[in-house]
Amino acid sequence: MQLVRKWNIYSLHFFQIVSSFKTTTSRAICQLVKEYVGHRDGLWDVSVTRTQPVVMGTASADHTALLWSIETGKCLIKYVGHAGSVNSIKFHPTEQIALTASGDQTAHIWRYTVQLPTPQPTADTSQISGEEEVDFSDKDEAEVDGDVSSDCPTVRIPLSSLKSHQGVVIAADWLVGGKQAVTASWDRTANLYDVETSELVHSLTGHDQELTHCCTHPTQRLVVTSSRDTTFRLWDFRDPSIHSVNVFQGHTDTVTSAVFTVGDNVVSGSDDRTVKVWDLKNMRSPIATIRTDSAVNRISVSVGQKIIALPHDNRQVRLFDMSGVRLARLPRSNRQGHRRMVCCSAWSEDHPTCNLFTCGFDRQAIGWNINIPALLQEK
(Lines give C-alpha, C1' and ligand atoms only; values in the text may rest on other atoms or scores of the structure.)
Protein backbone atom coordinates (compact mmCIF):
# COMPACT_ATOMS: atom_id res chain seq x y z
CA MET A 1 0.00 0.00 0.00
CA GLN A 2 1.31 3.36 -0.94
CA LEU A 3 0.41 5.33 2.15
CA VAL A 4 1.94 8.56 0.92
CA ARG A 5 -0.03 8.43 -2.30
CA LYS A 6 -3.18 7.42 -0.50
CA TRP A 7 -3.20 10.22 2.03
CA ASN A 8 -1.78 13.00 -0.09
CA ILE A 9 -4.65 12.55 -2.52
CA TYR A 10 -7.36 12.67 0.15
CA SER A 11 -8.15 16.27 -0.85
CA LEU A 12 -7.83 14.68 -4.19
CA HIS A 13 -7.89 9.40 -3.61
CA PHE A 14 -8.31 6.38 -1.23
CA PHE A 15 -7.92 2.30 -2.21
CA GLN A 16 -8.83 -2.45 -1.34
CA ILE A 17 -11.50 -8.31 -1.01
CA VAL A 18 -12.15 -9.79 2.03
CA SER A 19 -11.68 -13.37 2.98
CA SER A 20 -12.16 -14.55 6.51
CA PHE A 21 -11.12 -17.83 8.01
CA LYS A 22 -14.75 -18.15 9.10
CA THR A 23 -17.23 -18.67 6.24
CA THR A 24 -20.79 -19.83 5.76
CA THR A 25 -22.23 -22.17 3.16
CA SER A 26 -25.38 -20.05 2.81
CA ARG A 27 -25.36 -16.82 0.81
CA ALA A 28 -26.99 -13.46 1.26
CA ILE A 29 -29.00 -12.13 -1.67
CA CYS A 30 -27.45 -8.86 -2.86
CA GLN A 31 -29.19 -6.86 -5.56
CA LEU A 32 -28.02 -3.63 -7.16
CA VAL A 33 -31.01 -1.27 -7.16
CA LYS A 34 -29.79 2.14 -8.32
CA GLU A 35 -26.64 3.99 -9.42
CA TYR A 36 -26.24 7.67 -8.52
CA VAL A 37 -24.08 9.49 -11.06
CA GLY A 38 -23.36 13.22 -11.20
CA HIS A 39 -20.13 14.09 -9.39
CA ARG A 40 -17.09 15.17 -11.41
CA ASP A 41 -14.53 13.54 -9.10
CA GLY A 42 -14.30 10.67 -6.66
CA LEU A 43 -16.64 10.22 -3.69
CA TRP A 44 -15.24 10.02 -0.16
CA ASP A 45 -18.41 9.56 1.87
CA VAL A 46 -22.06 8.54 1.72
CA SER A 47 -24.76 9.01 4.33
CA VAL A 48 -28.55 8.62 4.69
CA THR A 49 -30.95 10.90 6.56
CA ARG A 50 -32.51 9.73 9.80
CA THR A 51 -35.64 11.85 9.28
CA GLN A 52 -38.37 12.00 6.64
CA PRO A 53 -38.07 12.45 3.75
CA VAL A 54 -35.33 9.83 3.52
CA VAL A 55 -32.60 11.00 1.12
CA MET A 56 -29.01 9.99 0.49
CA GLY A 57 -26.02 12.36 0.55
CA THR A 58 -22.59 12.11 -1.03
CA ALA A 59 -19.35 14.02 -0.39
CA SER A 60 -16.86 14.42 -3.21
CA ALA A 61 -13.37 15.57 -4.10
CA ASP A 62 -15.07 17.84 -6.68
CA HIS A 63 -15.72 20.29 -3.78
CA THR A 64 -19.48 19.54 -3.65
CA ALA A 65 -21.97 17.53 -1.63
CA LEU A 66 -25.08 16.23 -3.38
CA LEU A 67 -28.41 15.04 -1.96
CA TRP A 68 -30.24 12.37 -3.95
CA SER A 69 -33.69 10.85 -4.33
CA ILE A 70 -33.09 7.22 -3.43
CA GLU A 71 -35.97 6.04 -5.61
CA THR A 72 -35.24 7.94 -8.83
CA GLY A 73 -31.52 8.66 -8.64
CA LYS A 74 -32.25 12.35 -9.25
CA CYS A 75 -30.06 15.00 -7.67
CA LEU A 76 -32.17 17.09 -5.28
CA ILE A 77 -29.68 19.57 -3.76
CA LYS A 78 -26.14 20.62 -4.59
CA TYR A 79 -24.02 22.21 -1.84
CA VAL A 80 -21.15 24.33 -3.18
CA GLY A 81 -20.06 26.26 -0.08
CA HIS A 82 -16.67 24.59 0.38
CA ALA A 83 -13.40 25.66 -1.23
CA GLY A 84 -11.83 22.19 -1.02
CA SER A 85 -12.62 18.50 -1.27
CA VAL A 86 -15.73 17.55 0.71
CA ASN A 87 -14.53 14.60 2.80
CA SER A 88 -17.62 13.64 4.78
CA ILE A 89 -21.34 14.30 5.14
CA LYS A 90 -23.65 13.58 8.08
CA PHE A 91 -27.30 14.50 8.65
CA HIS A 92 -28.80 16.07 11.76
CA PRO A 93 -30.77 13.54 13.84
CA THR A 94 -34.06 15.49 13.76
CA GLU A 95 -33.82 18.43 11.32
CA GLN A 96 -33.13 18.94 7.61
CA ILE A 97 -29.59 20.09 8.27
CA ALA A 98 -26.33 18.62 6.97
CA LEU A 99 -22.79 18.70 8.37
CA THR A 100 -19.90 18.50 5.90
CA ALA A 101 -16.12 18.38 6.48
CA SER A 102 -13.65 19.69 3.94
CA GLY A 103 -10.07 20.02 2.81
CA ASP A 104 -10.54 23.81 3.16
CA GLN A 105 -9.93 23.29 6.93
CA THR A 106 -13.58 23.91 7.87
CA ALA A 107 -16.77 22.02 8.61
CA HIS A 108 -20.05 23.56 7.42
CA ILE A 109 -23.53 23.27 8.84
CA TRP A 110 -26.17 23.97 6.19
CA ARG A 111 -29.92 23.67 5.82
CA TYR A 112 -31.69 21.93 2.96
CA THR A 113 -35.31 21.55 1.88
CA VAL A 114 -36.20 18.74 -0.50
CA GLN A 115 -39.33 17.61 -2.27
CA LEU A 116 -39.08 14.05 -3.50
CA PRO A 117 -39.90 13.41 -7.18
CA THR A 118 -42.41 10.77 -8.22
CA PRO A 119 -40.66 7.42 -8.65
CA GLN A 120 -40.48 6.08 -12.21
CA PRO A 121 -40.75 2.36 -13.06
CA THR A 122 -37.35 0.68 -13.12
CA ALA A 123 -36.21 -2.34 -15.07
CA ASP A 124 -36.33 -5.58 -13.14
CA THR A 125 -32.92 -6.79 -12.06
CA SER A 126 -32.45 -10.45 -11.23
CA GLN A 127 -31.23 -11.25 -7.77
CA ILE A 128 -27.57 -12.16 -7.55
CA SER A 129 -25.76 -14.14 -4.92
CA GLY A 130 -23.31 -12.08 -2.94
CA GLU A 131 -20.39 -14.31 -3.97
CA GLU A 132 -20.70 -13.91 -7.75
CA GLU A 133 -18.07 -11.87 -9.57
CA VAL A 134 -17.01 -11.31 -13.15
CA ASP A 135 -13.83 -9.28 -13.32
CA PHE A 136 -12.82 -6.96 -16.13
CA SER A 137 -9.83 -4.86 -17.09
CA ASP A 138 -9.50 -1.14 -16.56
CA LYS A 139 -9.62 -0.57 -20.33
CA ASP A 140 -13.29 -1.63 -20.26
CA GLU A 141 -14.09 1.02 -17.67
CA ALA A 142 -16.46 3.74 -18.85
CA GLU A 143 -15.64 7.13 -17.42
CA VAL A 144 -18.52 9.09 -15.91
CA ASP A 145 -18.63 12.49 -17.54
CA GLY A 146 -22.26 13.53 -17.23
CA ASP A 147 -23.24 16.23 -14.78
CA VAL A 148 -26.82 15.56 -13.73
CA SER A 149 -26.31 18.00 -10.85
CA SER A 150 -26.05 21.03 -13.14
CA ASP A 151 -29.76 21.78 -12.90
CA CYS A 152 -30.03 20.94 -9.17
CA PRO A 153 -31.18 23.60 -6.69
CA THR A 154 -27.93 24.95 -5.21
CA VAL A 155 -27.08 25.88 -1.62
CA ARG A 156 -24.09 28.23 -1.45
CA ILE A 157 -24.04 29.68 2.07
CA PRO A 158 -23.86 27.62 5.28
CA LEU A 159 -25.76 28.38 8.45
CA SER A 160 -22.39 28.33 10.21
CA SER A 161 -18.76 27.45 9.57
CA LEU A 162 -16.58 25.66 12.14
CA LYS A 163 -13.07 27.08 11.67
CA SER A 164 -10.70 26.12 14.48
CA HIS A 165 -8.56 23.53 12.65
CA GLN A 166 -5.13 24.13 11.12
CA GLY A 167 -5.37 21.32 8.58
CA VAL A 168 -7.73 19.29 6.41
CA VAL A 169 -10.98 18.38 8.21
CA ILE A 170 -11.40 14.76 7.23
CA ALA A 171 -14.65 13.90 9.05
CA ALA A 172 -17.41 15.33 11.22
CA ASP A 173 -20.42 13.97 13.09
CA TRP A 174 -23.33 15.07 15.32
CA LEU A 175 -23.41 14.19 19.00
CA VAL A 176 -26.64 12.66 20.24
CA GLY A 177 -29.36 15.33 20.28
CA GLY A 178 -27.71 17.38 17.55
CA LYS A 179 -26.69 20.32 19.77
CA GLN A 180 -22.98 19.62 19.45
CA ALA A 181 -20.75 18.42 16.61
CA VAL A 182 -17.30 16.84 16.51
CA THR A 183 -14.69 17.22 13.77
CA ALA A 184 -11.50 15.26 13.01
CA SER A 185 -8.52 16.84 11.28
CA TRP A 186 -5.10 16.22 9.83
CA ASP A 187 -3.82 18.69 12.44
CA ARG A 188 -3.97 15.66 14.83
CA THR A 189 -6.88 17.04 16.86
CA ALA A 190 -10.60 16.53 17.11
CA ASN A 191 -12.77 19.48 18.06
CA LEU A 192 -16.10 19.58 19.86
CA TYR A 193 -18.34 22.53 18.93
CA ASP A 194 -21.55 24.09 20.16
CA VAL A 195 -23.79 24.04 17.08
CA GLU A 196 -25.89 27.10 17.97
CA THR A 197 -22.93 29.41 18.63
CA SER A 198 -20.24 27.66 16.51
CA GLU A 199 -17.92 28.06 19.50
CA LEU A 200 -15.18 25.56 20.26
CA VAL A 201 -16.08 23.65 23.43
CA HIS A 202 -13.16 21.20 23.65
CA SER A 203 -10.06 20.43 21.61
CA LEU A 204 -9.30 16.72 21.86
CA THR A 205 -5.54 16.17 21.67
CA GLY A 206 -3.34 13.11 22.03
CA HIS A 207 -3.12 11.43 18.64
CA ASP A 208 0.45 11.35 17.28
CA GLN A 209 -0.49 11.55 13.59
CA GLU A 210 -3.30 12.75 11.33
CA LEU A 211 -6.86 11.76 12.20
CA THR A 212 -8.76 9.74 9.61
CA HIS A 213 -12.31 9.54 10.98
CA CYS A 214 -14.62 10.31 13.89
CA CYS A 215 -17.92 8.77 14.95
CA THR A 216 -20.46 9.43 17.70
CA HIS A 217 -22.57 6.98 19.67
CA PRO A 218 -26.26 7.00 18.64
CA THR A 219 -27.63 7.28 22.19
CA GLN A 220 -24.76 8.31 24.50
CA ARG A 221 -22.28 11.20 24.63
CA LEU A 222 -19.37 9.12 23.38
CA VAL A 223 -16.96 9.88 20.53
CA VAL A 224 -14.42 7.62 18.85
CA THR A 225 -11.57 9.04 16.76
CA SER A 226 -9.28 7.10 14.39
CA SER A 227 -5.75 7.97 13.32
CA ARG A 228 -2.77 7.13 11.18
CA ASP A 229 -0.91 6.53 14.48
CA THR A 230 -2.47 2.98 14.47
CA THR A 231 -4.78 3.78 17.40
CA PHE A 232 -8.34 4.83 17.98
CA ARG A 233 -9.49 6.75 21.04
CA LEU A 234 -12.74 6.67 22.97
CA TRP A 235 -13.77 10.04 24.43
CA ASP A 236 -16.44 10.04 27.15
CA PHE A 237 -18.53 13.20 27.66
CA ARG A 238 -21.36 11.63 29.67
CA ASP A 239 -20.17 13.32 32.86
CA PRO A 240 -19.87 17.10 32.20
CA SER A 241 -17.14 17.44 34.82
CA ILE A 242 -14.95 14.61 33.53
CA HIS A 243 -13.84 14.07 29.94
CA SER A 244 -12.09 10.71 30.03
CA VAL A 245 -10.22 9.12 27.15
CA ASN A 246 -9.18 5.54 26.46
CA VAL A 247 -6.54 4.61 23.87
CA PHE A 248 -6.81 1.34 21.94
CA GLN A 249 -3.80 -0.14 20.18
CA GLY A 250 -5.19 -3.23 18.47
CA HIS A 251 -4.01 -2.42 14.94
CA THR A 252 -0.59 -2.32 13.28
CA ASP A 253 -1.33 0.27 10.58
CA THR A 254 -3.58 3.30 9.99
CA VAL A 255 -7.02 2.95 11.57
CA THR A 256 -9.25 4.16 8.74
CA SER A 257 -12.47 4.20 10.78
CA ALA A 258 -14.03 3.08 14.04
CA VAL A 259 -17.80 3.09 14.51
CA PHE A 260 -20.28 2.40 17.28
CA THR A 261 -23.09 -0.10 17.16
CA VAL A 262 -26.41 0.55 18.87
CA GLY A 263 -25.35 -1.77 21.68
CA ASP A 264 -22.02 -1.85 23.51
CA ASN A 265 -19.63 -2.50 20.64
CA VAL A 266 -17.09 -0.59 18.59
CA VAL A 267 -15.97 -1.91 15.21
CA SER A 268 -12.62 -0.70 13.82
CA GLY A 269 -11.11 -1.10 10.35
CA SER A 270 -7.53 -0.60 9.29
CA ASP A 271 -4.96 -0.54 6.53
CA ASP A 272 -3.48 -3.59 8.28
CA ARG A 273 -6.25 -5.53 6.47
CA THR A 274 -8.23 -6.38 9.58
CA VAL A 275 -11.53 -5.38 11.11
CA LYS A 276 -11.94 -5.84 14.85
CA VAL A 277 -15.04 -5.95 17.04
CA TRP A 278 -14.68 -4.60 20.58
CA ASP A 279 -16.85 -4.70 23.68
CA LEU A 280 -17.14 -1.25 25.29
CA LYS A 281 -17.27 -2.86 28.73
CA ASN A 282 -13.96 -4.66 28.23
CA MET A 283 -11.83 -3.27 25.43
CA ARG A 284 -8.48 -4.78 26.37
CA SER A 285 -8.74 -7.20 23.43
CA PRO A 286 -11.18 -7.61 20.53
CA ILE A 287 -13.99 -10.14 20.76
CA ALA A 288 -13.72 -10.89 17.02
CA THR A 289 -11.14 -10.28 14.30
CA ILE A 290 -11.86 -10.34 10.57
CA ARG A 291 -8.74 -10.90 8.49
CA THR A 292 -8.81 -9.73 4.88
CA ASP A 293 -6.30 -9.50 2.03
CA SER A 294 -6.83 -5.79 1.41
CA ALA A 295 -6.97 -2.60 3.43
CA VAL A 296 -10.36 -1.52 4.75
CA ASN A 297 -11.91 1.93 4.26
CA ARG A 298 -14.92 3.53 6.03
CA ILE A 299 -17.02 0.72 7.45
CA SER A 300 -20.62 0.77 8.67
CA VAL A 301 -22.80 -1.52 10.81
CA SER A 302 -26.52 -2.03 10.25
CA VAL A 303 -28.65 -1.23 13.27
CA GLY A 304 -31.15 -4.07 12.98
CA GLN A 305 -29.13 -7.04 11.73
CA LYS A 306 -25.71 -5.84 12.95
CA ILE A 307 -24.08 -6.63 9.63
CA ILE A 308 -20.68 -5.00 8.97
CA ALA A 309 -20.11 -3.64 5.45
CA LEU A 310 -16.42 -3.49 4.48
CA PRO A 311 -15.46 -1.30 1.49
CA HIS A 312 -12.02 -1.93 -0.01
CA ASP A 313 -9.44 -0.29 -2.22
CA ASN A 314 -9.64 -3.16 -4.72
CA ARG A 315 -13.29 -2.35 -5.63
CA GLN A 316 -14.79 -5.06 -3.43
CA VAL A 317 -17.43 -4.75 -0.70
CA ARG A 318 -17.84 -7.64 1.75
CA LEU A 319 -20.42 -8.29 4.46
CA PHE A 320 -19.68 -9.95 7.81
CA ASP A 321 -21.62 -10.56 10.97
CA MET A 322 -20.41 -9.35 14.37
CA SER A 323 -18.75 -12.68 15.17
CA GLY A 324 -16.55 -12.43 12.07
CA VAL A 325 -18.49 -14.82 9.83
CA ARG A 326 -18.47 -13.81 6.17
CA LEU A 327 -21.95 -13.44 4.72
CA ALA A 328 -21.46 -12.10 1.21
CA ARG A 329 -19.43 -10.22 -1.34
CA LEU A 330 -21.40 -7.66 -3.29
CA PRO A 331 -21.57 -8.56 -7.00
CA ARG A 332 -19.16 -6.81 -9.32
CA SER A 333 -18.97 -7.31 -13.07
CA ASN A 334 -18.66 -5.32 -16.28
CA ARG A 335 -22.31 -4.39 -15.86
CA GLN A 336 -22.56 -3.45 -12.22
CA GLY A 337 -20.58 -2.63 -9.11
CA HIS A 338 -17.74 -0.22 -8.49
CA ARG A 339 -14.96 0.21 -11.04
CA ARG A 340 -12.47 1.83 -8.69
CA MET A 341 -11.71 1.84 -4.97
CA VAL A 342 -14.73 1.82 -2.67
CA CYS A 343 -14.31 4.50 -0.01
CA CYS A 344 -17.36 4.21 2.23
CA SER A 345 -20.50 2.25 3.08
CA ALA A 346 -23.68 3.34 4.85
CA TRP A 347 -26.74 1.36 5.92
CA SER A 348 -30.30 2.68 5.82
CA GLU A 349 -32.85 1.17 8.16
CA ASP A 350 -35.78 3.27 6.92
CA HIS A 351 -35.93 2.65 3.19
CA PRO A 352 -37.97 -0.27 1.79
CA THR A 353 -35.84 -0.88 -1.33
CA CYS A 354 -32.24 0.18 -0.69
CA ASN A 355 -30.76 -0.73 2.68
CA LEU A 356 -27.04 -0.35 1.86
CA PHE A 357 -25.19 2.38 0.00
CA THR A 358 -21.59 2.42 -1.17
CA CYS A 359 -19.49 5.07 -2.89
CA GLY A 360 -16.09 5.16 -4.51
CA PHE A 361 -13.60 6.85 -6.73
CA ASP A 362 -15.47 5.83 -9.87
CA ARG A 363 -17.53 8.98 -9.14
CA GLN A 364 -20.71 7.13 -8.26
CA ALA A 365 -22.74 5.87 -5.34
CA ILE A 366 -24.69 2.62 -5.53
CA GLY A 367 -27.84 1.57 -3.69
CA TRP A 368 -28.16 -2.11 -2.82
CA ASN A 369 -30.87 -4.37 -1.43
CA ILE A 370 -29.33 -6.87 0.98
CA ASN A 371 -31.44 -9.82 2.08
CA ILE A 372 -29.89 -11.97 4.81
CA PRO A 373 -31.68 -15.34 5.13
CA ALA A 374 -33.20 -15.97 8.54
CA LEU A 375 -30.96 -19.01 9.04
CA LEU A 376 -27.88 -16.82 8.79
CA GLN A 377 -29.27 -14.22 11.16
CA GLU A 378 -29.81 -16.86 13.84
CA LYS A 379 -26.20 -18.09 13.72
Side-chain angles (χ1 to χ4, degrees), residues 16 18 20 22 24 28 30 45-50 54 56 88-91 93 130 171 173-176 182 212-220 222-226 232 234 248 250-251 255-270 273-281 283 286-292 295-312 316-330 342-351 354-359 365-372 376-379:
Q16 299 175 16
V18 142
S20 169
K22 302 177 182 179
T24 60
C30 306
D45 204 23
V46 61
S47 185
V48 183
T49 59
R50 290 175 275 181
V54 178
M56 183 261 289
S88 79
I89 180 169
K90 287 290 184 291
F91 293 102
D173 203 357
W174 304 92
L175 267 72
V176 59
V182 63
T212 58
H213 193 250
C214 63
C215 180
T216 60
H217 193 280
T219 61
Q220 302 182 62
L222 298 171
V223 174
V224 64
T225 55
S226 311
F232 65 95
L234 176 66
F248 302 98
H251 291 283
V255 181
T256 52
S257 65
V259 299
F260 292 101
T261 68
V262 169
D264 292 323
N265 297 114
V266 171
V267 184
S268 59
S270 172
R273 304 181 179 185
T274 69
V275 170
K276 300 192 176 188
V277 182
W278 309 79
D279 187 339
L280 277 175
K281 298 175 182 177
M283 295 188 68
I287 58 177
T289 297
I290 300 167
R291 302 186 187 280
T292 78
V296 181
N297 294 320
R298 291 181 176 178
I299 59 179
S300 64
V301 182
S302 65
V303 174
Q305 298 175 321
K306 290 191 175 182
I307 304 302
I308 312 168
L310 281 59
H312 297 276
Q316 300 287 354
V317 181
R318 299 274 181 130
L319 307 180
F320 289 79
D321 70 14
M322 294 288 287
S323 63
V325 174
R326 192 179 74 193
L327 303 178
R329 179 182 62 211
L330 299 193
V342 189
C343 298
C344 182
S345 63
W347 292 91
S348 173
E349 311 295 329
D350 300 318
H351 196 271
C354 297
N355 56 0
L356 176 64
F357 296 88
T358 57
C359 71
I366 299 178
W368 305 86
N369 180 268
I370 309 300
N371 182 13
I372 308 295
L376 278 179
Q377 296 180 41
E378 292 170 1
K379 288 187 177 183

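Hydrogens, waters and symmetry mates play no part in the numbers below; they use all other heavy atoms, side chains included.
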**Message:** What I'd like to find out is whether the side chain of Arg298 reaches to under 4.5 Å of the side chain of Ser88, using heavy atoms alone.
**Reply:** yes
Taken in chain and number order and not counting sequence neighbours, the residues that satisfy side-chain hydrogen bond (donor to acceptor under 3.5 Å, both in side chains) with Trp174 are none
Practice task
Determine yes or no for a side-chain-to-main-chain donor-acceptor pair under 3.5 angstrom, with Ser302 supplying the side chain and Ile307 the backbone.
Solution key: yes
Within the distance-only criterion (no hydrogens, no angle test), does the side chain of Ser257 pair as donor or acceptor with the backbone N or O of Gly269 below 3.5 angstrom?
no
d(Leu175 CG, His217 NE2) to nearest 0.5 Å is 11.5 Å
*Any side-chain heavy atom of Asn265 sitting closer than 4.5 Å to one from Ile287?*
yes
Non-hydrogen side-chain atoms of Val48 and Phe357 separated by less than 4.5 Å = yes
Heavy atoms of Ser300 and Trp347 approach each other most closely as OG-CD1, 3.0 Å
Residue set satisfying side-chain hydrogen bond (donor to acceptor under 3.5 Å, both in side chains) with Thr358, at least two apart, ordered chain then number -> His338, Trp368
Between the CG atom in Leu310 and the CZ atom in Arg273, the distance rounded to the nearest 0.5 Å is 14.0 Å
So, do Glu349 and Asn355 sit near enough that their side-chain heavy atoms are less than 4.5 Å apart?
-> no
| said: Is there a side-chain contact between Val266 and Leu280 in this structure, where contact means two heavy atoms from C-beta onward sitting under 4.5 Å apart? | reply: yes
Rounded to the nearest 0.5 angstrom, the CZ-OG1 distance for Arg326 and Thr292 is 11.5 Å
The ring-ring contact (aromatic ring centres under 6.0 Å, His included) partners of His251 (sequence neighbours excluded) come to none
Ala258 and Ser226 have their tightest heavy-atom pair at N-OG, 3.1 Å
Salt bridge (charged side-chain N to carboxylate O under 4.0 Å, His left out) filter on Asp264, not counting sequence neighbours, yields Lys281
- [ ] Answer yes or no: is there a donor N or O on one side and an acceptor on the other, between the side chain of Ser345 and the main chain of Ala309, under 3.5 Å?
- [x] yes
Trace of the side chain to side chain contact (heavy atoms under 4.5 Å, CB included) decision for Thr219 with Val262:
CA-CA 8 Å; Thr219 61; Val262 169; 5.6 Å; no
### Message
Using a 3.5 Å distance criterion without hydrogens, assess whether the side chain of Asp173 forms a donor-acceptor pair with backbone atoms of Cys214.
### Response
no
**OP:** Would you please classify the geometry between the Phe248 ring and the Trp278 ring as parallel, tilted or perpendicular, with 30° and 60° separating the classes?
**Re:** tilted
Between the side chain of Asn297 and the main-chain N/O of Thr256, is any donor-acceptor distance below 3.5 Å?
no
### pair Ile290-Ile308: side-chain heavy atoms closer than 4.5 Å
yes
Sorted by chain and number, sequence neighbours left out, salt bridge (charged side-chain N to carboxylate O under 4.0 Å, His left out) with Lys276 holds for none
Partner of Cys30 under side chain to side chain contact (heavy atoms under 4.5 Å, CB included), picked from Leu356, Ile372, Leu330, is Leu330
Val176 meets the side chain to side chain contact (heavy atoms under 4.5 Å, CB included) criterion, sequence neighbours left out, with Arg221
Output for pair (Cys215 SG, Lys90 NZ), nearest 0.5 Å, gives 7.0 Å
For Val342 and Cys359 the tightest heavy-atom approach is CG1-O, 3.4 Å
For Ser268 and Ile299 the tightest heavy-atom approach is C-CD1, 4.0 Å
Side chain to side chain contact (heavy atoms under 4.5 Å, CB included) with Thr216: of Leu222, Val223, Val259, Val224, only one passes, and it is Val223
Between Phe260 and Pro218 the two heavy atoms that sit nearest each other are CB-CD, 4.1 Å
Nearest heavy-atom contact between Met283 and Phe232 is CE-CE1, 3.8 Å
